[in-house]
**Q** 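Following this message is one structure expressed as structure tokens.
The structure displayed is predicted, hence computed values, not measured ones.
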Amino acid sequence: LGACMGYLASWRRILWLGLAVVPFAAGRVAQVNEPYKPVYPAYFGNRTNIPADNPLTREGVALGRRLFYEPLLSANNKISCGSCHRQQLAFTDGKAFSTGIDSIPTDRSAMSLANLLWVRHFFWDGRAGSLEEQALTPLTAPHEMGQPVETAAEKLRRTAPYPRLFREAFPQDSFSGALIVKALAQFERTLISAGSKYDRYLNGTYQPTPTEARGMKLFMTGPDPARNVRGANCGHCHGSPKIYMELFHNNGLDSIPHDPGREKLTGLAADRGRFRVPTLRNIALTAPYMHGGRFATLSEVLDHYSDHIIGSASLSPVLRNTSNEVNGASLKLSRDEKKDIIAFLHLLTDSAFISNPQFSNPFN
């Protein structure tokens with residue numbers, strides 16, 4: 001009995017220290033990592049995208065955060081994921097096209113890394129089905145970070161404290177490039193933006209100003225001039241609480257798109273110039289806008305949707321013949337309506353997200 005009581009006391013001490021263990025091979029114990037439970041509002045829904053072989057753990061997320069800002073992942077030891085995804089800009093970089101190890105611009109603008117936990121198609125053309133798959137492109141692309149992941153793993157293996165951190169995060173796996181990708185994906189899934197004034201409005205703790213309220217109504221409403229209903233028609237693509245939908249659209253930038261967009265992936269003419277609908281959360285911080293960064297301001301974006309949609313065979317149906325005027329050829333928003341919509345868009349800025357120390361550079 002005394003031996004049993006001693007055993008139980010030892011077990012309680014292990015649990016008290018926070019070291020969860022399970023029996024493992026010939027008297028040894030294997031670490032069971034502490035699950036990381038992301039916190040988000042119920043209106044975001046639970047249709048998250050987490051692969052079964054890469055669950056979120058506190059150790060994995062912590063390692064991923066460090067790797068996100070680690071320049072050793074690049075061929076010249078100077079570029080990190082954080083170089084093109086800066087927290088203060090909602091994880092964009094303020095450029096039309098990012099530059100990597102050789103200063104040659106990328107083909108498209110760096111997208112904001114917010115609320116990726118729910119995303120199922122990554123990149124502007126949706127060619128990656130997971131964050132793990134997505135991470136491989138910037139890590140290995142010759143004009144971005146330009147380095148095989150196994151080369152990066154070997155560099156990290158020789159650098160303290162990475163051997164210990166990888167053992168803690170992935171105790172059952174050998175140090176490898178694949179684990180770099182898994183850790184990065186874990187961290188990026190924690191980048192949840194849900195603390196804006198708009199969220200407070202959804203939670204009933206913020207009353208929008210009259211200007212903001214008018215802008216919100218216009219944003220969510222499709223125009224119906226026959227019934228004297230004015231709207232900006234934004235809700236077709238950005239109407240969910242996350243302010244995006246998992247859709248691809250040709251939004252009328254060009255009659256003959258310079259960038260084929262999703263067509264390059266699918267080979268379908270109907271996908272010419274179609275790109276993934278980005279989240280508009282923190283949109284006031286993520287200029288320039290569109291996949292090619294052609295618009296410098298939100299005013300320019302609204303001018304485009306209001307008056308400058310260019311028709312083409314693949315133009316999205318929701319943008320065809322949509323107007324606030326009977327038989328109108330364009331949306332025709334007034335100057336005051338545009339100002340109201342921009343006021344609403346500023347409600348989407350999440351100051352806590354861009355200053356959250358859990359997402360910041362651990363090397364600073």
**Q** Between Tyr40 and Phe44, what is the ring plane arrangement, given parallel below 30°, perpendicular above 60°, and tilted in between?
**A**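 Rings of Tyr40 and Phe44: parallel, as their planes differ by under 30°.
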**Q** Does any non-hydrogen side-chain atom of Leu191 lie less than 4.5 Å from one of Phe359?
**A** yes
**Q** Could you tell me whether a side-chain N or O of Glu144 sits under 3.5 Å from a main-chain N or O of Gly100, the two making a donor and an acceptor?
**A**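 The answer is no, because no donor-acceptor pair under 3.5 Å joins these two groups.
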**Q** Looking only at atom types and distance, does a side-chain atom of Thr106 sit under 3.5 Å from a main-chain N or O of Ser98, one as donor and one as acceptor?
**A** yes
**Q** So does Gly293 get a backbone contact from the side chain of Ser109, meaning a donor-acceptor N/O pair under 3.5 Å?
**A** no
**Q** Can you list everything that forms a side-chain contact (heavy atoms from CB on, under 4.5 Å) with Leu253? Sequence neighbours excluded, please.
**A**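 Partners of Leu253 under the side-chain contact (heavy atoms from CB on, under 4.5 Å) test: Asn251, Met290, His291, Arg294, Phe295, His304.
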**Q** Give a yes or no answer on whether the side chain of Gln87 reaches the backbone of Asn356 with a donor-acceptor pair at less than 3.5 Å.
**A**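 Yes, Gln87 side chain to Asn356 backbone: donor-acceptor pair under 3.5 Å.
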**Q** Please tabulate, for the side chains in residues 326-333, all donor-acceptor contacts under 3.5 angstrom to protein atoms that are two or more places apart in sequence or on a different chain.
**A**
none

**Q** Is Glu263 close to Arg274 at the side-chain level, that is, under 4.5 Å between some pair of heavy atoms?
**A**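 Heavy-atom side-chain distance check fails, nothing below 4.5 Å.
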**Q** Between the main-chain N or O of Arg200 and the side-chain N or O of Thr205, is there a donor-acceptor pair closer than 3.5 Å?
**A** yes
**Q** Could you give the distance from CG (Asp303) to OG1 (Thr297), rounded to the nearest 0.5 Å?
**A**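 Interatomic distance, Asp303 CG to Thr297 OG1, rounded to 0.5 Å: 7.5 Å.
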**Q** In terms of hydrophobic clusters joined by side-chain contacts under 4.5 Å, are Val318 and Ile310 together?
**A**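 No, separate clusters.
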**Q** Would Arg281 pass as a cation-pi partner of Tyr198, given that its NZ or CZ must be under 6.0 Å from the six-membered ring centre and within 45 degrees of the axis?
**A** no
**Q** Is Leu265 reachable from Leu247 through a run of hydrophobic residues whose side-chain heavy atoms are each under 4.5 Å from the next?
**A** no
**Q** Can you check whether Tyr201 reaches Met216 side chain to side chain, under 4.5 Å on heavy atoms?
**A**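 Tyr201 reaches Met216 side chain to side chain.
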**Q** Is a side-chain N or O of Glu188 found less than 3.5 angstrom from the main chain of Leu113, in a donor-acceptor match?
**A**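 No, Glu188 side chain to Leu113 backbone: no donor-acceptor pair under 3.5 Å.
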**Q** Is Ile341 linked to Val229 within one hydrophobic cluster, defined over Ile, Leu, Val, Met, Phe, Trp and Tyr using a side-chain heavy-atom separation of less than 4.5 Å?
**A** no
**Q** Supply the atom-to-atom distance Phe122 CZ to Arg276 CZ, rounded to the nearest 0.5 angstrom.
**A**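 If we round to the nearest 0.5 Å, Phe122:CZ and Arg276:CZ are 7.0 Å apart.
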**Q** Are the ring centres of Phe344 and Phe219 closer than 6.0 Å?
**A**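 They qualify: ring centres under 6.0 Å apart.
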**Q** Heavy atoms only: give me the nearest Ser196-Thr349 pair and the separation to one decimal.
**A**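 Heavy atoms of Ser196 and Thr349 come nearest at CB-O, 3.3 Å.
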**Q** Walk me through whether Asn282 and Ser193 qualify under side chain to side chain donor-acceptor pair (under 3.5 Å).
**A** CA-CA 8 Å; Asn282 301 296; Ser193 179; 3.2 Å; yes
**Q** Quick check for you: to the nearest 0.5 Å, what is the distance between Thr279 atom OG1 and Ile283 atom CD1?
**A** 8.0 Å
**Q** Tell me whether Lys264 is salt-bridged to Asp125, with the criterion being a basic N under 4.0 Å from an acidic carboxylate O.
**A** no
**Q** State the CG-CG distance between Asn250 and Leu319, to the nearest 0.5 angstrom.
**A** 8.0 Å
**Q** Please answer: with hydrophobic residues joined when any side-chain heavy atoms are less than 4.5 Å apart, are Phe123 and Met111 in the same cluster?
**A** no
**Q** Can you check whether Tyr36 reaches Arg189 side chain to side chain, under 4.5 Å on heavy atoms?
**A**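 Sidechains of Arg189 and Tyr36: no contact.
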**Q** Is the closest side-chain heavy-atom distance between Tyr289 and Glu300 below 4.5 Å?
**A**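 When only atoms from C-beta onward are counted, Glu300 and Tyr289 do not touch, as no gap falls below 4.5 Å.
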**Q** Less than 4.5 Å apart, any side-chain heavy atom of Asp259 and any of Trp124?
**A** no
**Q** Within this structure, what is the CD1-CZ distance for the pair Ile309 and Arg320, rounded to the nearest 0.5 Å?
**A** 11.0 Å
**Q** If we only count heavy atoms from C-beta on, is the Phe68 to Leu184 side-chain gap below 4.5 Å?
**A**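 Yes - at least one pair of side-chain heavy atoms lies under 4.5 Å apart.
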**Q** Check the surroundings of atom CG in Asp53: do more than 12 heavy atoms from other residues, nucleotides or ligands lie under 6.0 Å from it?
**A** yes
**Q** Please check: side-chain N/O of Asn324 versus main-chain N/O of Pro223, any donor-acceptor pairing under 3.5 Å?
**A** no
**Q** So for atom CG, which belongs to Asp173, do other residues, nucleotides or ligands contribute more than 12 heavy atoms lying within a distance under 6.0 Å?
**A** yes
**Q** So for atom NZ, which belongs to Lys197, do other residues, nucleotides or ligands contribute more than 12 heavy atoms lying within a distance under 6.0 Å?
**A** no
**Q** For Arg158, check side-chain contact (heavy atoms from CB on, under 4.5 Å) against everything at least two apart and list the hits.
**A**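 Arg158 satisfies side-chain contact (heavy atoms from CB on, under 4.5 Å) with Glu154, Lys155 only.
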**Q** Can you check whether His249's main-chain N or O pairs, donor with acceptor, with Ser316's side chain at less than 3.5 Å?
**A**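 Not confirmed, Ser316 side chain does not pair with His249 backbone.
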**Q** Do Val277 and His238 have side chains that get closer than 4.5 Å, going by heavy atoms?
**A** yes
**Q** Counting only heavy atoms not in Asn77 (residues, nucleotides, ligands), do more than 12 fall under 6.0 Å from its CG?
**A** yes
**Q** Do Leu116 and Phe275 land in one hydrophobic cluster if side-chain heavy atoms of ILVMFWY residues count as linked below 4.5 Å?
**A**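 No, Leu116 and Phe275 fall in different hydrophobic clusters.
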**Q** Just how far is it from atom CG of Leu73 to atom CG of Leu67, taken to the nearest 0.5 Å?
**A**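 So the CG of Leu73 and the CG of Leu67 are separated by 5.5 Å.
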